[in-house]
Amino acid sequence: MSTNKELAASFKDIASLLELTGADKFRVNAHARVSRVIADLAEDVAELGQDRDALLALDGVGAKAADKIQEYLETGEISERAELLEQVPSGLLEVLKIPGLGPKTVRLLWQEKEVTNLDELQKVIDDGSILELPRMGKKTVENMKKAIEFARQAGGRTPIGIAAPIADDIVAVLKKEHPKAKFEVAGSLRRGAETIGDIDILVAAKNSEDVAETFRTLPIVDQVLAAGATKSSVRLKAKDSAGATHLLQADLRVVPAESLGAALMYFTGSKHHNVRLRELALKQGLTLNEYGLFPDDEDETPPQQRGVKPVAGKTESDVYEALGVALVPPELREDRGEIEIEKKRLDNLLKLKDIKADLHAHTTASDGVMSIEQLAEVAKARGFHTIAVTDHSKSQPVANGLSPERLLKHIEAVHEADERVDGISIIAGSEVDILADGVLDYDDELLEKLDVVVASPHWALTQDPKSATTRLLKAIEHPLVHIIGHPTGRLVNRREGLSPAIPDLIAAANEHTTALEINAHWMRLDLRDVHVRAASDAGCLIAINCDAHRPDDFDNLRFGVQVARRGWLTRGLCVNAWTHKKLHSWLKSKR
DNA sequence: GCCGTTTTCGGCCCGACTGTTTTCAGTCG
């Protein structure tokens, strides 16, 4: 695990452990915030930690947190965490993760029933002794049982590529049954996060009860968790296109049409972005909730229940405008400084329709299912002006990587296809392996014959950060390389991948006008959003490629573009958004 | 524990839902 990830986890632990000791909630929050700030860092915290002022400059990191970070970097542990773990059994951290079980309940279970882990919780449920606790009835326990079962099976957050089609299907069914209602997908799906906690769907409808009923009785609903007047919550058992079953939660919220904008903001989140906006509202004598932006007053009763007229609420742009800030696109709403984003950068933010080329795709020559012509036709149908054929290199025998002899013939075949097919430029390239020491899988003489070179790491993905940095720098600095494909080799939820010094890669990429790739496949999304942010802040070129092996892989482009937007990427820095002339001139500049 | 174009001390977002309650605590997002 990278240092950032480990340290973020340590701070999260401290927050949870403090919560279980009944500590002040603001202190708990402060630690949770530091955890989030560290997890969002593109640079290695071990580097940053050398400079105490740099730590203190991070929003949410104060003197005490800086001390703890430096202690961790020196000793590999934060003594406060160790001390807390002497007081609080570590197994309770797992118990706390069960939905519906919060700090108060877990603390009670621990102190009254000596529950210190999930198995012991299961025991007091099974023998019924849990019912002796105050406010603990049959129904609560029944829900707890199901939640434990669900947590054991579901195993964490769902990749966006799995959740998005499920959400699309649900909305399609609801729309068909209730054509007059207005539906919006909100939550982390709308923000384009790489993984999704649950599917949030918003509906403005007159017959809200009927819509909620349709939702709760969908065939994929496994269990109804809540069925209120405005909120329904269900657990889904849904199959993906490959036939695998996924367990995840979905919520449907019914809102009045006049507050759809405020509701959409509220349910899109992120929670932390919303907190920022509410703080901003309070400073202006206003209060913001999911019903709208209202004048703030002393009254305890929520304004919408007293017939107070909102200042804004019908649309998102009304609310942002009334707060005096630019409309922040959903992908940016992560409390990463977006409320202060410069207008120019916002106006030039990359859009899906800006993408006019794909520079990383496979054919039947290696492990794809499309011929060169088929690939070109699919790309043309997407409105691209250029498609690169980049089959695997020789060190990928599993993927039918091309020997130098086969590659020479393949280049010819690609150029011939380019002659035959009108309306799109088909260019010859290769996805060349970056070997563990940074050497490329073909010699320069051969690479020179290619129109585009995508250099990617495939093996040795557990090497140490220093070796990884050296390896990737070598490829970035190589004069014949255009793009570094999926630079870290990580797989969402499945493989950590390399942890190179991202700022070093960005600096070198800038110097050599090499582009770093956002691989758009939902299993990769590599570079990830915080890396893209650092790259685009530095003015580094980014390529967004689908790494298509089959025609529908191009559908993943939306996820890649969302990651780019989460990294505040403007269209000028995305080589796939360039005109034919500009793109090809850059490609030739490396020949 | 952090933070400051009203504050270096005194604040720190807001509402819905559930299950257990005779008015509300706990959890969630």
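Each chain gets a letter, A, B and so on, in the order the sequences are listed, and its residues count up from 1. These numbers come from the heavy atoms of this one structure, side chains and all, not from hydrogens, waters or symmetry mates. What you see is a predicted model; the values in this text were computed from it and never measured.
The nucleotide whose nearest atom lies closest to any side-chain atom of A:Ala226 is, among B:dG19, B:dT18, B:dC2, B:dT18. Here B:dG1 is the nucleotide among B:dG15, B:dG1, B:dA16 with the atom lying nearest to any side-chain atom of A:Phe26. For A:Leu282, counting side-chain heavy atoms from C-beta on, the closest listed nucleotide (B:dC14, B:dC2, B:dG1) is B:dC14. Of the candidates B:dC13, B:dC2, B:dG19, B:dC2 carries the atom nearest the A:Lys64 side chain, counting heavy atoms from C-beta on. Distance from the side chain of A:Ala30 is smallest to B:dG1 among B:dG1, B:dT20, B:dG15.
A salt bridge links A:Arg81 and A:Asp13; the closest N-O separation between the charged side-chain nitrogens and carboxylate oxygens is under 4.0 Å. Between A:Glu194 and A:Arg528 there is a salt bridge, since a side-chain N of the basic residue sits under 4.0 Å from a carboxylate O of the acidic one. For A:Arg490 and A:Glu496, the salt-bridge test fails: no basic side-chain N is under 4.0 Å from an acidic carboxylate O.
A:Met144 has its CE atom 13 Å from the C1' atom of B:dT18, to the nearest Å. At whole-Å resolution of the value, CG in A:Leu280 and P in B:dC3 are 18 Å apart. What separates CG of A:Leu55 from P of B:dG1 is a distance of 17 Å, to the nearest Å. Here B:dC12 presents its P atom at 18 Å from NE2 of A:His272, a figure rounded to the nearest Å. Following rounding to the nearest Å, A:Lys68 (NZ) and B:dG1 (P) show an atom-to-atom distance of 5 Å. Distance NZ (A:Lys146) to P (B:dT18): 14 Å, rounded to an integer number of Å. As rounded to whole Å, 14 Å separates atom C1' of B:dC13 from atom CG of A:Leu286. The CZ-C1' distance, from A:Arg27 to B:dC12, rounds to 16 Å in whole Å.
Shortest non-hydrogen contact noted between A:Ile339 and A:His273 is CG1-CE1, 4.1 Å. In plain terms, the two heavy atoms of A:Met265 and A:Asn274 that are nearest each other are O-OD1, 3.4 Å.
If you take atom P in B:dG15 and the same atom in B:dT5, they sit 26 Å apart, rounded to whole Å. For the P atoms, the distance from B:dT21 to B:dT27 is 16 Å, rounded to whole Å. Here, B:dT7 and B:dC2 have their C1' atoms 14 Å apart, quoted to the whole Å. Going from the P atom of B:dG26 to that of B:dT20 covers 14 Å, rounded to whole Å. Comparing the same atom, C1', in B:dA16 and in B:dC12 gives a spacing of 22 Å after rounding to whole Å. Nucleotides B:dT23 and B:dC17 have their P atoms positioned 23 Å apart, rounded to a whole Å. Taking atom C1' in both B:dG1 and B:dT6, one finds a spacing of 23 Å when rounded to whole Å. Comparing the same atom, P, in B:dC9 and in B:dC14 gives a spacing of 26 Å after rounding to whole Å.
Under the 3.5 Å distance criterion, the side-chain polar atoms of A:Asn4 are left unmatched by any main-chain donor or acceptor of A:Leu7. Listed for the A:Thr214 side chain is a donor-acceptor partner under 3.5 Å among the backbone atoms of A:Asp210.
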Q) Given the rule in the side-chain hydrogen bond (donor to acceptor under 3.5 Å, both in side chains) test, do A:Glu71 and A:Ser79 qualify, once you have shown the distances and angles that lead to the verdict? A) CA-CA 8 Å; A:Glu71 184 195 359; A:Ser79 48; 2.9 Å; yes
Q: Just do the salt bridge (Lys or Arg N to Asp or Glu O under 4.0 Å) check on A:Arg276 and A:Asp59 with the steps written out, would you?
A: CA-CA 13 Å; A:Arg276 288 285 184 189; A:Asp59 214 13; 3.1 Å; yes
Q) Would A:Val95 and A:Glu120 count as a side-chain contact (heavy atoms from CB on, under 4.5 Å) if you check the C-alpha gap in whole Å, the side-chain angles of each, and the deciding distance to 0.1 Å? A) CA-CA 10 Å; A:Val95 180; A:Glu120 287 168 9; over 6 Å; no
Q: May I have the step-by-step check of side-chain contact (heavy atoms from CB on, under 4.5 Å) for A:Val255 and A:Glu290, ending in yes or no?
A: CA-CA 9 Å; A:Val255 301; A:Glu290 58 263 54; over 6 Å; no
**Q.** A:Arg306 and A:Thr301: CA distance, side-chain angles, deciding distance, side-chain hydrogen bond (donor to acceptor under 3.5 Å, both in side chains) verdict
**A.** CA-CA 7 Å; A:Arg306 291 181 274 128; A:Thr301 314; 4.7 Å; no
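Checking B:dT8 for Watson-Crick or G-U wobble geometry (two distances, each under 3.5 Å) identifies no partner in any strand.
Nucleic acid contact class of A:Asn29 (heavy atoms, under 4.0 Å, all strands): none. Among the atoms of the strands shown, none is found under 4.0 Å from any heavy atom of A:Ala281. A:Val61 comes within 4.0 angstrom of sugar-phosphate atoms only, judged by non-hydrogen atoms across all strands, and of no base. At a threshold of 4.0 angstrom between heavy atoms, the contacts of A:Ser233 with the nucleic acid are absent. Among the heavy atoms of the strands lying under 4.0 Å from A:Leu288 are primed sugar atoms or P, OP1, OP2 only; no base atom is included.
Note on A:Thr287: a side-chain N or O is less than 4.0 Å away from OP1 or OP2 of B:dC14. Between B:dC13 and A:Asn289, no contact under 4.0 Å exists linking OP1 or OP2 to a side-chain N or O. Side-chain N/O atoms of A:Tyr291 include one lying less than 4.0 angstrom from OP1 or OP2 on B:dA16.
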Could you pull out the protein-nucleic contacts involving nucleotides 5-7 of chain B (nitrogen or oxygen on both sides, under 3.5 Å)?
none

Q: Produce a footprint string for nucleotides 21-29 of chain B: one letter per nucleotide, 5' end first; B if the base is under 4.0 Å from any protein heavy atom, S if only the sugar-phosphate is, - if neither.
A: ---BBSSSB
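Each of A:Asp24 and A:Asp296 lies near DNA chain B, and the nucleotide nearest A:Asp24 is the one positioned closer to the 5' end.
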